[in-house]
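Just so you know, residue 1 is the first one in the sequence shown, and it goes up from there.
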Amino acid sequence: MTSPRLLFKFMLLSTFIVLVIVYVWITSQVSLGFEVAEDRNTHQLVISKVSPELMRQGLKLGSEIVSIGSSEQALKLNVTHFSITPVQRKLIFQNKAQYFSAQEDLHDAFLQPIIRLNFLDQPTVDVTLAGNRSLTDIPTTSWIRFCLGLVSALMGVLVWAWRPSGKETIYYALSGIGLFLAIIPSAIDAIPMLFTSYSESLFLDSLRAFGNYTYIAFGVSALLYFPQKMPHADRFAKRILMVTGLFSCYALFNTWDFSVGFDQQRLYFSDVEIYVPVLIGFIFVVSFSIQQWRFSRHKPVERARSSWVVLSWSVGLLAYMLFYYVPIISGAEPPMGRTLAWIAVCSSYW
């Protein structure tokens, strides 16, 4: 039988490999050397940040950018091409397939070593891109999200290594790994001016969805066993995991277009398919926490553990639900940013 210490080392190695893959992928992307932002007064796209090298090539701060490419084949730019919130994306695009296509258009436009930038208020500028990205191009927000996910995964593995025989610790560890996987795309989203191909967008979207489902399914299942094993826990856990697995497959392939070939498929996970399981999982968390409280009525140690479980889950997840989840599904901009939302979720897990 494989020892817990060996499995723990394997999990650490796997986490390290994931981080290396993410690092290699990020540093293989093109570093544009400039950023754009929407002007609050004119609502037009302007150059908001320029590297010294591109400034020497003639690119100026505050210039209103119109398109990329030659006069014959120019890609007209607008705010829909650039980093926007989920609420803005839903207002602009009918589905994620359209958004991924818009991102791919810019990705393809920036593949050339020299690109032509067309402006409204200054002559056209041909610039040479700065090469591949480096670690300095990753903003603090991304680092915070990466660290939140990494700490969650390692904490879950440590708890499992401390007590490898219990199902609650196995599920807890797998839930933390799912949380880590779900945070990786969010951390990448925070990197400005990083445009992906359709296949890369689909992969990150799928990683976000599968990580989210893993975190929810195994996190909820862990509450069936801790602080004490509930009646029919094994049967409930199997059903939760089976339904989640079937739903994840359905959510991905229900956008299959039978009129086109395999290489032309435009699959994606919709926001509803990602966010609705969160609400269902939250309901299960509340229900199982109440059940654990009831079953520990005459057991002081288990009652104390149940109280801590209820407190830890309710505070972080309730803040996330009220200040991020509910506004998002209601079509309003949430008062809580993505980073704070991840902090709330991770604090509950910890």
Candidate pair E200 and Q103, rule side-chain contact (heavy atoms from CB on, under 4.5 Å), full reasoning:
CA-CA 10 Å; E200 291 170 335; Q103 292 288 293; over 6 Å; no
Does a side-chain heavy-atom distance below 4.5 Å link I68 with N118?
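No, every pair of side-chain atoms sits at 4.5 Å or beyond.
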Side-chain heavy atoms of K60 within contact of S63, under 4.5 Å
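SC-SC contact between K60 and S63 confirmed.
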Straight-line distance of [X] [atom1] to [Y] [atom2], nearest 0.5 Å:
{"X": "I343", "Y": "Y320", "atom1": "CD1", "atom2": "OH", "result": "14.0 Å"}
{"X": "D205", "Y": "Y198", "atom1": "CG", "atom2": "OH", "result": "9.0 Å"}
{"X": "S221", "Y": "F226", "atom1": "OG", "atom2": "CZ", "result": "15.5 Å"}
{"X": "M155", "Y": "L179", "atom1": "CE", "atom2": "CG", "result": "11.0 Å"}
{"X": "I47", "Y": "E64", "atom1": "CD1", "atom2": "CD", "result": "10.5 Å"}
{"X": "F210", "Y": "L252", "atom1": "CZ", "atom2": "CG", "result": "5.5 Å"}

Got a donor-acceptor contact below 3.5 angstrom from the [X] side chain to the [Y] backbone?
{"X": "T214", "Y": "S175", "result": "no"}
{"X": "N95", "Y": "Q98", "result": "yes"}
{"X": "S51", "Y": "G33", "result": "yes"}
{"X": "N212", "Y": "I274", "result": "yes"}
{"X": "Y215", "Y": "I177", "result": "no"}

State, to 0.1 Å, how close [X] and [Y] come at their nearest heavy-atom pair, and which atoms those are.
{"X": "L241", "Y": "A217", "value": "CD2-CB, 3.8 Å"}
{"X": "I26", "Y": "R133", "value": "O-CB, 3.6 Å"}
{"X": "G281", "Y": "I216", "value": "CA-CG2, 3.8 Å"}
{"X": "A173", "Y": "G156", "value": "CB-O, 3.3 Å"}
{"X": "M321", "Y": "P327", "value": "O-CD, 4.3 Å"}
{"X": "L181", "Y": "L207", "value": "O-CG, 3.6 Å"}

ILVMFWY cluster, F16 and I138 together (side-chain gap under 4.5 Å):
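Yes, it is one cluster - the side chains of F16 and I138 are joined through contacts under 4.5 Å.
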Taking I328 as the starting point, is it possible to reach V276 by hopping between hydrophobic residues whose side chains are less than 4.5 Å apart?
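Yes.
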Yes or no on salt bridge (Lys or Arg N to Asp or Glu O under 4.0 Å) for D234 and R239, after CA distance, side-chain angles and deciding distance?
CA-CA 9 Å; D234 293 335; R239 289 180 178 178; over 6 Å; no
Using the ring centroid of each side chain, check whether Y349 and Y172 are separated by less than 6.0 Å.
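Yes, they do, as the ring centres are separated by less than 6.0 Å.
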For the rings on F100 and Y268, is their centre-to-centre separation under 6.0 Å?
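Distance test on ring centres: not under 6.0 Å, no.
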Go through the steps for I283 and F288 under the test side-chain contact (heavy atoms from CB on, under 4.5 Å), then give the verdict.
CA-CA 9 Å; I283 294 173; F288 290 162; over 6 Å; no
Is it the case that atom CH2 in W256 sees more than 12 heavy atoms from other parts of the structure closer than 6.0 Å?
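Counting neighbours around CH2 of W256, more than 12 heavy atoms of other residues, nucleotides or ligands fall under 6.0 Å, so yes.
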Hey, is CZ on F323 packed in by over 12 heavy atoms from elsewhere, all under 6.0 Å?
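No, because the 6.0 Å sphere around CZ of F323 holds 12 heavy atoms or fewer from other groups.
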Under the criterion side-chain contact (heavy atoms from CB on, under 4.5 Å), I'd like the reasoning laid out for F110 against L32: C-alpha separation, chi angles, the key distance, then a yes or no.
CA-CA 8 Å; F110 286 118; L32 304 183; 3.6 Å; yes
Check ion pair E168-R163 (N to O, under 4.0 angstrom)
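Yes, E168 and R163 are salt-bridged.
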Can D189 and R145 be counted as an ion pair, charged N to O under 4.0 angstrom?
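Looking at D189 and R145, the cut-off is not met.
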Indicate whether the side chain of T339 and that of T141 have a donor and an acceptor atom separated by less than 3.5 Å.
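Distance-only check fails for T339 and T141.
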Does a donor on one side chain and an acceptor on the other come within less than 3.5 Å for S152 and W350?
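Looking only at side-chain atoms, W350 and S152 do form a donor-acceptor pair, the distance falling under 3.5 Å.
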Partners meeting salt bridge (Lys or Arg N to Asp or Glu O under 4.0 Å) with E333 (sequence neighbours left out):
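Salt bridge (Lys or Arg N to Asp or Glu O under 4.0 Å) check on E333 returns nothing, list empty.
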Which residues pass the side chain to side chain contact (heavy atoms under 4.5 Å, CB included) test with K238, not counting sequence neighbours?
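Result, side chain to side chain contact (heavy atoms under 4.5 Å, CB included) vs K238: none returned.
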Residues that A251 engages under side chain to side chain contact (heavy atoms under 4.5 Å, CB included), provided they are two or more places apart
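Once residues adjacent in sequence are excluded, the partners of A251 under the side chain to side chain contact (heavy atoms under 4.5 Å, CB included) criterion are Y213, F247, F269, E273.
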Does the pair S186 and R208 meet the rule for a side-chain contact (heavy atoms from CB on, under 4.5 Å), with working shown?
CA-CA 8 Å; S186 179; R208 188 196 319 271; 4.3 Å; yes
